[in-house]
Protein chains: 2
Amino acid sequence: MSNAEAPNVVSLSGLKAACRNCSLYHLCLPLGIDADDMEELDRIIRRRRPLRRGEYLFQPGDSFKSLYAIRSGSVKTYTPTEEGYEQVTGFHLPGELVGLDAITRECHPCAARALETTSVCEIPFERLEELGAKIPGLQRQLLRLMSKELLEDEQLMMLLGKKSAESRLAALLLGISERLRQRGFSPREFNLSMSRNDIANYLGLAVETVSRLFTRFQSDGLLTVERKHVVLLDRERLAILARPSGGDTDQRECRP
Amino acid sequence: MSNAEAPNVVSLSGLKAACRNCSLYHLCLPLGIDADDMEELDRIIRRRRPLRRGEYLFQPGDSFKSLYAIRSGSVKTYTPTEEGYEQVTGFHLPGELVGLDAITRECHPCAARALETTSVCEIPFERLEELGAKIPGLQRQLLRLMSKELLEDEQLMMLLGKKSAESRLAALLLGISERLRQRGFSPREFNLSMSRNDIANYLGLAVETVSRLFTRFQSDGLLTVERKHVVLLDRERLAILARPSGGDTDQRECRP
DNA sequence: GGTTTCATTTGATTAAGATCAATGAATTTG
DNA sequence: CAAATTCATTGATCTTAATCAAATGAAACC
């Protein structure tokens, strides 16, 4: 996954800010943040050396200082449960923010770990808040991003709550595909940077089940998969699979 | 569930604002919002006639204008999926905010429906944002609340993702218990305002399974249940059940 | 008050996915 | 490069919870 070219965005030419190349930029700019504000935002952002696979962005209990925007690569977040086990809570792709769940407690409830070589921008939260007071659009955008995150979590809950193993994996793949598409990557063909184990853990399935599903999906002509590399051949049919398999819950619409 | 008495809060006496009696108040006040600001906040809040069981606070697709704070009663949120089915995404108790997931899209992705007679405060979001610009503590508190919501969703995801039916129900009961406790209600004894069907739907289980589990929990001496009324007799043991039942995922801690 | 309707409980059977066990491929390490 | 280790796949069996079916209980309606 290389950096995406910026599609139609208003006059970037005068902007020397490095944010220009950040996918997050596309999320901010359309919402009333102009070039001047953008530069100001850019000034508070810290760039860091890229993380290598397996390195931590933060660990549970670390005090919350910054949000992180993924520029390239990918990250998994997970919470260790009692005695060594862990539960993967999310995979984060370029252009996404990590660390939002730490704001309440002022310390990170989960760990964030690079799944591959990953570069991130560090956004010191205090400075972001100060800036937010000056730039109303930014404040609003931050709330919006968090709201979006909530929405995505809800969708995942729906997935985990109800559906068959098949639906879960189909929905995960389509979800990743869609997120990549939104950022200008190919929605059809991509590399799964996470292990089968991570996927299984995330979806609440056994590794073996995930493996079998990939095999089945492939022989059904839905996709091809080789190791990490996936090509979605029939997204339509995958979308059908991703839906509640049959009669889920029978609460038809009733009146107030 | 009747209204809770306010526990130790700083000099309320001079405060004529109705927010004084709202559980949400306890969430706002500790975080740097003083009495004056509070009055201002109070002025933008609209009170509405109580909802009866089954009435909607909003429906999917309704345009997003306001957040709602539950004052008493309870609400379920759910998203209708294709063709009549629904997925319950949350139960909301007094003192909790509903509607945060609508900020991104400016329209509600889910429905909110009263599970019993419920009174809410309507907080027009535009006005709240304006006020947020003036009162830095408020802005911060709003982010904090959203972050908290994210955290709770993550915890639920962990629940749904992985665990046995037993763990799920135990965790739900303990979760409700804890939320009630935080608001000054009894954590030991309460009424489940939602139907078994809602519980099953929320937890991703069949109704029959939920019913059997209640029966089993009761005969194991963990709780007593009669219709809606639940008494948690052994929260310790419930907490053990709520944990990942056995070897979940075997990813031991490895080095960076 | 009695009937209809809906919610809940209980039992019997079935199916989906977990677990156990083993092998094969790929990456890392010395 | 070979050995070691991790990761992925495949097969066989077992467990859990879903599904099917029915009965009972509670509440709403006329």
Side-chain angles (χ1 to χ4, degrees), chain A residues 52-54 76 85 88 115-117 159-170 191-201 203-219 224-230 241 244-256, chain B residues 52-54 76 85 88 115-116 159-170 191-219 224-230 241 244-256:
Chain A
R52 277 183 305 250
R53 180 172 137 73
K76 75 168 171 177
Y85 301 124
V88 176
L115 287 165
E116 59 194 313
T117 303
L159 205 98
L160 295 179
K162 195 126 301 276
K163 303 177 197 172
S164 62
E166 183 176 80
S167 309
R168 292 188 196 185
L169 184 60
N191 282 309
L192 290 171
S193 54
M194 65 296 285
S195 69
R196 299 286 192 269
N197 214 312
D198 285 335
I199 294 177
N201 184 309
L203 296 178
L205 300 172
V207 200
E208 295 93 329
T209 305
V210 171
S211 184
R212 282 185 244 271
L213 282 172
F214 271 118
T215 310
R216 181 142 63 85
F217 282 179
Q218 177 153 256
S219 61
T224 62
V225 56
E226 199 192 330
R227 199 88 187 136
K228 306 261 176 213
H229 188 251
V230 175
L241 280 188
S245 48
D248 251 335
T249 310
D250 55 353
Q251 221 156 331
R252 35 212 144 321
E253 213 48 36
C254 18
R255 44 60 240 282
Chain B
R52 277 183 305 250
R53 181 171 134 73
K76 74 167 170 178
Y85 301 124
V88 175
L115 287 165
E116 59 194 312
L159 205 98
L160 295 180
K162 197 127 298 281
K163 304 177 196 170
S164 63
E166 185 176 81
S167 307
R168 293 188 195 185
L169 185 60
N191 282 310
L192 291 170
S193 53
M194 66 296 286
S195 68
R196 298 288 191 268
N197 214 313
D198 285 335
I199 294 176
N201 184 307
Y202 181 64
L203 296 179
L205 300 172
V207 200
E208 295 93 328
T209 304
V210 171
S211 183
R212 281 185 246 270
L213 282 171
F214 271 120
T215 310
R216 181 142 64 85
F217 283 178
Q218 177 153 257
S219 61
T224 62
V225 56
E226 200 192 329
R227 199 91 185 130
K228 306 262 176 211
H229 189 250
V230 175
L241 280 189
S245 47
D248 251 336
T249 310
D250 55 351
Q251 221 155 330
R252 35 213 145 317
E253 211 51 35
C254 17
R255 67 312 93 147

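Chain identifiers are assigned alphabetically (A, B, ...) following the order of the sequence lines, protein sequences preceding nucleic acid strands; residue numbering begins at 1 within each chain. Every value quoted in this text rests on a predicted model; they were computed, and no experiment measured them.
- B:A165 comes within contact range of the sugar-phosphate backbone alone, with a heavy-atom separation under 4.0 Å but no base atom that close.
- Using a 4.0 Å cut-off between a side-chain N of Lys or Arg and a carboxylate O of Asp or Glu, B:E116 and B:R52 do not qualify as a salt bridge.
- Across the protein-nucleic acid pair, A:E166 atom CD and C:dG17 atom C1' stand 12 Å apart, rounded to whole Å.
- Under the 3.5 Å distance criterion, the side-chain polar atoms of B:S193 are left unmatched by any main-chain donor or acceptor of B:L115.
- Overall, the helix from C:dG1-D:dC30 to C:dG30-D:dC1 carries an axis bend of 50° between its ends, with five pairs at each end and the value rounded to 10°.
- Using modelled atom types, one side-chain atom of A:R168 and one backbone atom of A:L203 make a donor-acceptor pair closer than 3.5 Å.
- Taking atom NZ on A:K228 and atom C1' on C:dA26, their separation rounds to 11 Å, with Å as the unit.
- The phosphate of C:dA25 (OP1 or OP2) has no side-chain N or O of A:R227 nearer than 4.0 angstrom.
- With hydrogens and angles ignored, a donor-acceptor pair closer than 3.5 Å exists between the side chain of B:R212 and the base of C:dG11.
- For the OP1/OP2 pair of D:dT9 and a distance below 4.0 Å, the side-chain nitrogens and oxygens of A:S211 include at least one atom meeting the criterion.
- At least one donor-acceptor pair under 3.5 Å links the side chain of B:R196 to the backbone N or O of B:R227.
- At whole-Å resolution of the value, CZ in A:F217 and P in D:dT9 are 13 Å apart.
- Atom CD of A:E226 is separated from atom P of D:dC7 by 19 Å (rounded to the nearest Å).
- Distance CG (B:L213) to P (D:dT16): 12 Å, rounded to an integer number of Å.
- The distance between atom CD of B:E208 and atom C1' of C:dA12, rounded to the nearest whole Å, is 12 Å.
- When each of B:R216 and A:T215 is assigned the nucleotide of DNA chain D with its nearest heavy atom, A:T215 is the one assigned upstream, toward the 5' end.
- When all heavy atoms of B:V88 and B:Y202 are compared, the closest pair comes out as O-CD1, 3.5 Å.
- Atoms NZ and CD1, on A:K76 and A:I199 in that order, are 11.0 Å from each other to the nearest 0.5 Å.
- Atom P of nucleotide C:dT8 and atom CG of B:N201 are separated by 13 Å, given to the nearest angstrom.
- For the atom pair OG (A:S164) and CG (A:L159), the distance works out to 9.0 Å, reported to the nearest 0.5 Å.
- Taking atom CG of A:L169 as the reference point, atom P of D:dT9 lies 11 Å away to the nearest angstrom.
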